[in-house]
Structure formats: structure tokens, C-alpha cells
Amino acid sequence: MGTWRLYAAVATGAFRRYATYRVATAAGVFTNTVFGLILAYTYIALWDERPGLGGYDQSQAVTYVWLGQGLLAAVAVMGGGFEDELIERIRTGDIAIDLYRPADLQMWWLAADAGRAAFQLAGRGVVPMAFGGLVFHLALPTDVGTWLAFLVAVALGLLVSFAIRYLVALMAFWFMDGAGVQQLAVLAGLFFSGMTLPLNVFPGALGELARALPWSALLQAPADVLLGERTGLALWRTYAFQAAWAVGLLAVGRMVQSAATRRVVVQGG
């Protein structure tokens with residue numbers, strides 16, 4: 001029980017830490033809102049030319065835009081999570097102290113990222129969505145059940161996001177400078193999560209590949225749940241898809257963490 005209280009304290013501390021950056025949060029909200037407007041009108045023009053593109057009507061497409069802006073900071077597709085700090089600790093060797101602490105490294109950073117994501121959802125996610133709802137007609141559900149199902153999909157997406165970024169950060173044990181791997185991960189995340197365009201509009205084999213990769217769990221899966229595209233058995237399949245990637249990537253991360261620990265012990269000895 002004491003261990004879980006520790007991780008709860010880490011998550012709470014991370015939430016409070018990000019809450020102190022009020023100016024940065026306000027700037028992020030403004031930026032998300034402006035880009036949301038640009039993307040919304042771009043999508044409107046695109047769906048005027050191609051009605052029903054990707055199986056969405058225009059209202060669903062615009063809703064997708066604002067949902068993406070609301071989740072952008074939370075899922076940290078473009079960075080801004082714990083990974084910069086973890087990579088720096090690996091580069092400087094301070095990670096050795098972390099590995100010898102009586103706390104699991106993966107769980108520690110997961111708790112910290114959960115606190116960060118919770119703040120980003122509240123601090124940078126709600127306002128852009130609310131603004132989008134005031135300016136545009138959004139296809140938002142009216143029943144509580146769909147919203148609850150959406151929140152479950154978001155939570156699973158955040159878990160997948162952490163697992164991906166944790167693996168990316170651990171690569172610094174072998175590459176020392178994790179910037180290159182980070183940049184590749186950001187590019188892949190922007191394209192394959194659906195932040196650029198809904199993955200439903202990708203044609204043929206590219207679309208099938210994009211929807212099968214873990215990044216689709218970050219935005220495309222929660223969006224389809226909120227938009228009513230995943231109900232009944234399809235909803236449970238979406239959850240299973242997200243959970244499978246989360247469990248698999250976390251397991252790989254734990255194996256890489258173990259290999260890195262052995263590397264530190266050998267070098268320290």
C-alpha cells in the first residue's frame with residue numbers, strides 16, 4: 001500500500017508542477033485554439049469537395065479537429081512529456097541513482113506522466129474543445145455512456161503514449177543523445193496517430209498499416225469512440241487493440257529497462 005501511495009504522490013506532484021506554469025499553459029491554449037481554427041476551416045473546405053470522406057460527415061470531421069487539439073498536449077505526440085528529463089538523466093549518469101532507489105523506474109515515470117497528462121487534459125484540452133463547440137456545430141454525443149466510453153479510450157491511449165515515449169527515452173542508454181530517436185518518434189506520431197489527417201482517409205494498404213500501428217490508439221481510437229463509430233462489439237475490439245499495445249509496449253520497455261540496468265551495473269563495477 002505504501003508503494004501505491006508513493007506513486008500517487010509522484011502523480012500529484014507532477015500535476016502541481018505543470019500547474020505552476022500558468023503563462024505557458026495560457027500560451028498553449030491560445031496556440032491550440034488558433035491552429036484548431038485553421039485546421040477546422042481547412043477540413044470544411046476539404047469535406048465540401050469530398051463529402052463523406054473517411055466515413056465522416058463534415059460535422060464529425062470538424063469535431064475530430066477540435067478533439068485532436070484537445071488531446072495534443074496530453075498524449076504528447078510532439079513531445080513535452082517526461083522523456084526529455086529521463087534522457088538527460090541517462091546522459092549525465094544520474095539515472096544510476098534512480099535505478100538503485102526502492103521504486104520501480106517504469107512505474108515512477110508512468111505516475112509522473114499520468115499527473116502531467118491529467119493537467120494537460122484539464123489545462124489545455126477543455127478550453128479549445130469548448131471554443132470549438134461555440135464557434136462550430138460539433139457532433140458531440142448527448143448520452144453519458146458514450147462520454148464514459150470515450151474517457152476509457154483516452155486513458156488507454158495515454159498509456160500507449162507513455163509506453164512509446166518510455167521506449168524512446170531508454171534508447172539513450174545506447175545512443176547517448178536521444179534527439180534523433182525522439183525526432184523520428186515525433187514524425188511517426190504526427191502521421192500515424194491521425195493528428196495530421198484522420199487515418200480513415202488513408203487509402204488501401206497504407207490506411208490498414210496506419211490503423212494497426214500503436215499511434216492510432218492515441219487519437220484515432222478515442223475519436224471514433226466519441227463520434228459513435230465504435231459501439232457494441234466494435235468498442236470492445238477498440239479497447240482490446242489499445243490494451244494489447246499498451247501491455248506489449250510496457251513489457252518491452254521493462255525488458256529494455258532490465259538490459260539497461262545490467263549495463264549500468266557492469267559499467268559501475
Side-chain angles (χ1 to χ4, degrees), residues 7 10-11 14-15 17-18 28 32 64 66-87 104-126 128-129 149-172 178-179 181-199 209-226 230 238-254 256-257:
Y7 296 137
V10 171
F15 185 97
R17 173 186 173 187
Y18 280 88
N32 287 148
Y64 185 96
W66 290 105
L67 179 59
Q69 293 305 302
L71 290 178
L72 180 62
V75 298
V77 170
M78 300 181 68
F82 68 95
E83 53 272 27
D84 289 337
E85 184 178 352
L86 179 53
I87 287 173
D104 182 75
L105 185 71
Q106 188 182 61
M107 284 298 299
W108 178 283
W109 288 106
L110 175 57
D113 199 56
R116 177 206 61 83
F119 173 77
Q120 297 293 17
L121 281 174
R124 289 185 58 174
V126 173
M129 277 291 292
F150 165 69
L151 291 177
V152 172
V154 169
L156 289 170
L158 292 172
L159 193 57
V160 174
S161 171
F162 166 80
I164 292 172
R165 290 177 289 119
Y166 187 69
L167 273 172
V168 169
L170 290 181
M171 291 300 102
V181 180
Q182 272 188 295
Q183 289 171 1
L184 289 174
V186 168
L187 290 174
L190 284 172
F191 188 76
F192 289 115
S193 68
M195 284 291 176
T196 306
L197 275 174
L199 302 183
L209 173 64
R211 289 187 290 273
L213 292 174
W215 289 282
S216 67
L218 277 56
L219 172 59
Q220 187 66 59
D224 281 339
V225 172
L226 185 69
R230 298 288 184 269
T238 299
Y239 288 163
F241 169 80
Q242 292 178 292
W245 271 117
V247 170
L249 289 170
L250 287 171
V252 173
R254 189 161 292 279
V256 175
Q257 174 185 315

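It should be emphasised that the depicted structure is a prediction, and the values quoted were computed from it without experimental measurement. Side-chain atoms are counted along with the backbone in the values below, which use heavy atoms only and exclude waters and symmetry mates.
- Between the side chain of Gln242 and the main chain of Ala217, a donor-acceptor pair closer than 3.5 Å is present.
- Counting heavy atoms from C-beta outward, Met171 and Val256 have side chains that approach closer than 4.5 Å.
- Contacts classified as side-chain hydrogen bond (donor to acceptor under 3.5 Å, both in side chains) and involving residues 244-254 (residues at least two apart or in different chains) are given here: Asp104-Arg254, Gln106-Arg254.
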Quiz item: When you look at Val75 and Leu219, which way does the side chain to side chain contact (heavy atoms under 4.5 Å, CB included) test go after all the steps?
Solution: CA-CA 8 Å; Val75 298; Leu219 172 59; over 6 Å; no

Quiz prompt | Leu121 vs Val154, side chain to side chain contact (heavy atoms under 4.5 Å, CB included): CA-CA, chis, key distance, verdict | solution = CA-CA 10 Å; Leu121 281 174; Val154 169; 4.3 Å; yes

Quiz item: Can you list the steps and then say if Leu184 with Val168 is a side chain to side chain contact (heavy atoms under 4.5 Å, CB included)?
Solution: CA-CA 9 Å; Leu184 289 174; Val168 169; over 6 Å; no

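- Note on ring orientation: taking the six-membered ring where Trp is involved, the planes of Phe119 and Phe15 are perpendicular (angle over 60°, cut-offs 30° and 60°).
- Pro214 and Ile164 get closest at one heavy-atom pair: CB-CD1, 4.1 Å.
- Taken from CD in Gln120 to CG in Asn32, the straight-line distance is 9.0 Å, to the nearest 0.5 Å.
- The CZ atom of Phe82 sits 7.5 Å away from the OH atom of Tyr166 when rounded to the nearest 0.5 Å.
- Considering all non-hydrogen atoms of both residues, Met195 and Leu72 come closest at CE-CA, 3.7 Å.
- Shortest non-hydrogen contact noted between Leu249 and Val160 is CD1-CG1, 4.2 Å.
- Of all non-hydrogen atoms in Tyr64 and Leu197, the two that sit nearest each other are OH-O, 4.2 Å.
- The two residues Ala76 and Gly81 come nearest to each other via the heavy atoms CB-N, 4.4 Å.
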Practice problem: Could you check Thr238 against Asp224 for side chain to side chain contact (heavy atoms under 4.5 Å, CB included), going step by step and ending with a plain yes or no? | Solution: CA-CA 9 Å; Thr238 299; Asp224 281 339; over 6 Å; no

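- Taken to the nearest 0.5 Å, the CD atom of Gln257 stands 12.0 Å off from the CH2 atom of Trp109.
- Here Glu85 does not pair with Arg116 in a salt bridge; the nearest charged N to carboxylate O distance is not below 4.0 Å.
- Note that the CG atom of Leu218 and the CG atom of Leu156 stand 11.0 Å from one another [nearest 0.5 Å].
- In this structure, CE on Met107 lies 5.5 Å from CG on Leu110, to the nearest 0.5 angstrom.
- For the pair Gly70 and Met129, the tightest heavy-atom approach, listed with the atom from each and the gap, is CA-CG, 4.5 Å.
- Between the Gln220 side chain and the Leu199 main chain, a donor and an acceptor come within less than 3.5 Å of each other.
- Separation of atoms CG (Asp113) and CG (Leu86) is listed at 11.0 Å; rounding is to 0.5 Å.
- Remark: the backbone N or O of Ala149 is paired with a side-chain donor or acceptor of Tyr239 at under 3.5 angstrom.
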